[in-house]
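A short write-up of the structure that comes next.
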Amino acid sequence: MMFLKHAVNKLFLGMLFIIFGTTLAVANVSMLHDFHFDHPAFVHDHPFANRRLVVQISQDNPARWNLALNTSQNILNYFGQEKVQVVIVAFGPGLKFLLANSPMKQRIAALNAEGVEFDACHNTMLQFKKKLGHMPKLVPSAVIVPAGIVRIMQLESHGFDYVKP
């Protein structure tokens with residue numbers, strides 16, 4: 001329930017940004033305090049999805065990132081946006097995919113608008129913090145999960161198919 005409240009708050013802040021045109025500091029949605037392995041939560045509601053896919057991004061390779069985004073778009077096109085749920089999970093060197101300065105940020109925003117969820121590994125973020133001296137800034141649609149691989153395991157255990165392009 002707390003996760004839903006965070007998502008609604010983020011949506012509200014985004015609407016304020018559109019209305020007032022100011023640069024609001026919008027924090028990413030986080031599952032750190034309400035992650036329950038046996039009860040996955042999501043930022044996008046997919047009540048009619050009968051197919052589910054989790055995509056792993058763990059490499060610092062823009063060609064792989066592009067492949068993951070193309071694969072996700074192809075899945076949406078084939079099954080239909082309402083009939084499939086796609087979650088992309090980035091961890092390790094692949095977290096660079098979700099950094100605020102990512103060359104993929106516009107495509108990420110477009111797929112997020114179509115219902116694709118983008119999860120960022122908090123464990124990897126902590127490793128980035130050690131190197132940078134601060135937590136990395138993520139694209140606005142990134143959802144912070146405690147551990148990327150644990151999120152993948154959670155989703156697989158709840159019927160998601162797994163792809164690592």
Side-chain angles (χ1 to χ4, degrees), residues 1-14 16-17 23-46 52-69 71-72 85-113 115-165:
M1 191 58 73
M2 285 294 287
F3 176 72
L4 182 59
K5 182 179 176 183
H6 291 285
V8 169
N9 286 341
K10 184 174 178 182
L11 178 64
F12 176 72
L13 289 174
L16 285 177
F17 174 76
T23 38
L24 295 173
V26 179
N28 292 96
V29 173
S30 173
M31 292 187 191
L32 294 179
H33 301 294
D34 52 1
F35 184 88
H36 303 286
F37 189 87
D38 293 327
H39 303 285
F42 307 94
V43 291
H44 301 294
D45 189 25
H46 293 277
R52 289 169 175 72
L53 177 69
V54 59
V55 179
Q56 175 180 322
I57 296 184
S58 56
Q59 296 178 328
D60 179 8
N61 182 336
R64 289 281 180 117
W65 304 346
N66 197 46
L67 181 59
L69 294 173
T71 300
S72 298
Q85 182 173 13
V86 179
V87 178
I88 298 177
V89 181
F91 65 93
L95 184 69
K96 290 180 182 179
F97 166 74
L98 293 178
L99 295 181
N101 63 352
S102 171
M104 306 294 169
K105 65 184 171 188
Q106 290 183 339
R107 289 197 63 204
I108 291 168
L111 280 169
N112 179 64
V116 175
E117 180 174 313
F118 294 88
D119 292 349
C121 174
H122 188 254
N123 286 340
T124 302
M125 291 176 70
L126 293 173
Q127 293 303 311
F128 273 60
K129 181 180 178 183
K130 287 179 183 176
K131 293 177 185 175
L132 300 172
H134 59 83
M135 289 297 269
K137 185 173 179 175
L138 304 174
V139 295
S141 53
V143 177
I144 301 168
V145 297
I149 198 68
V150 172
R151 178 64 164 168
I152 291 171
M153 292 171 62
Q154 176 194 46
L155 297 178
E156 280 191 293
S157 73
H158 284 85
F160 278 69
D161 294 319
Y162 165 82
V163 172
K164 180 185 175 192

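The first residue of the sequence shown is numbered 1, and numbering continues consecutively from there.
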Evaluate Phe118 against Val43 for side chain to side chain contact (heavy atoms under 4.5 Å, CB included), listing each step before the verdict. CA-CA 9 Å; Phe118 294 88; Val43 291; over 6 Å; no
Below 4.5 Å, heavy atoms only, C-beta onward: do [X] and [Y] meet side chain to side chain?
X      : Y      : answer
Val87  : Val116 : no
Leu32  : Ile144 : yes
Cys121 : Val89  : no

Please name all residues satisfying side chain to side chain donor-acceptor pair (under 3.5 Å) with Ser58, sequence neighbours left out, ordered by chain then number.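 By the side chain to side chain donor-acceptor pair (under 3.5 Å) rule, Ser58 matches Gln56.
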I'd like to check the side chain to side chain donor-acceptor pair (under 3.5 Å) partners of Asn66; sequence neighbours left out, ordered by chain and number.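 Asn66: side chain to side chain donor-acceptor pair (under 3.5 Å) contacts with Arg107.
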Under the criterion side chain to side chain contact (heavy atoms under 4.5 Å, CB included), I'd like the reasoning laid out for Asp161 against Val54: C-alpha separation, chi angles, the key distance, then a yes or no. CA-CA 6 Å; Asp161 294 319; Val54 59; over 6 Å; no
Side-chain donor-acceptor pairs under 3.5 Å in residues 146-157, sequence neighbours left out?
{"residue": "Arg151", "atom": "NE", "partner": "Asp119", "partner atom": "OD2", "Å": "2.8"}
{"residue": "Arg151", "atom": "NH1", "partner": "Ala41", "partner atom": "O", "Å": "3.3"}
{"residue": "Arg151", "atom": "NH1", "partner": "Gln154", "partner atom": "OE1", "Å": "2.7"}
{"residue": "Arg151", "atom": "NH2", "partner": "Ala41", "partner atom": "O", "Å": "2.9"}
{"residue": "Arg151", "atom": "NH2", "partner": "Glu117", "partner atom": "OE2", "Å": "2.9"}
{"residue": "Gln154", "atom": "NE2", "partner": "His36", "partner atom": "O", "Å": "3.0"}
{"residue": "Gln154", "atom": "NE2", "partner": "Phe37", "partner atom": "O", "Å": "3.3"}
{"residue": "Ser157", "atom": "OG", "partner": "Met153", "partner atom": "O", "Å": "3.4"}
{"residue": "Ser157", "atom": "OG", "partner": "Gln154", "partner atom": "O", "Å": "2.8"}

List the residues meeting salt bridge (Lys or Arg N to Asp or Glu O under 4.0 Å) with Lys105, not counting sequence neighbours, and say none if there are none.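 Lys105 satisfies salt bridge (Lys or Arg N to Asp or Glu O under 4.0 Å) with no residue once adjacent residues are dropped.
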Who pairs with Asp60 by salt bridge (Lys or Arg N to Asp or Glu O under 4.0 Å), at least two apart in sequence or on another chain?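 Only Lys96 meet the salt bridge (Lys or Arg N to Asp or Glu O under 4.0 Å) criterion with Asp60.
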[X] [atom1] to [Y] [atom2] distance, which is reported to the nearest 0.5 Å:
X      : Y      : atom1 : atom2 : result
Leu53  : Ser72  : CG    : OG    : 6.5 Å
Ile108 : Asn112 : CD1   : CG    : 9.5 Å
Lys137 : Asn101 : NZ    : CG    : 10.0 Å

Looking at residues at least two apart in the chain, or sitting in another chain, which of them share a ring pair (Phe, Tyr, Trp, His ring centres under 6.0 Å) with Phe35?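 Per chain and number, Phe35 pairs via ring pair (Phe, Tyr, Trp, His ring centres under 6.0 Å) with no residue.
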I'd like to check the side-chain contact (heavy atoms from CB on, under 4.5 Å) partners of [X]; sequence neighbours left out, ordered by chain and number.
X      : answer
Met135 : His122, Met125, Leu126, Lys129
Asn61  : Gln59, Ala63, Arg64
Ala113 : none

What residue among Leu69, Val55, Ile57 forms side-chain contact (heavy atoms from CB on, under 4.5 Å) with Pro165?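 Among Leu69, Val55, Ile57, the one that satisfies the side-chain contact (heavy atoms from CB on, under 4.5 Å) with Pro165 is Val55.
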Ignoring hydrogens and angles, tell me if any N or O in the side chain of Ser102 forms a donor-acceptor pair with the backbone of Leu98 under 3.5 Å.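 Absent.
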Which atom of Ala142 lies closest to which atom of Asn28, heavy atoms considered: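 Distance-wise, the nearest heavy atoms are O-ND2, 3.1 Å.
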Kindly give the heavy-atom pair with the smallest separation between His46 and His44, and that separation in Å.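 Closest heavy-atom pair between His46 and His44: CD2-O, 3.3 Å.
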Between Ser30 and Val143, is a side chain to side chain contact (heavy atoms under 4.5 Å, CB included) present by the stated rule, with each step listed? CA-CA 6 Å; Ser30 173; Val143 177; over 6 Å; no
Under the ring pair (Phe, Tyr, Trp, His ring centres under 6.0 Å) rule, what pairs show up with a residue in residues 137-165, not counting sequence neighbours?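 Pairs touching residues 137-165 that pass the test: Phe42-Phe160.
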Where at least one partner belongs to residues 85-113, residue pairs that pass ring pair (Phe, Tyr, Trp, His ring centres under 6.0 Å), sequence neighbours excluded: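 The answer is Trp65-Phe97.
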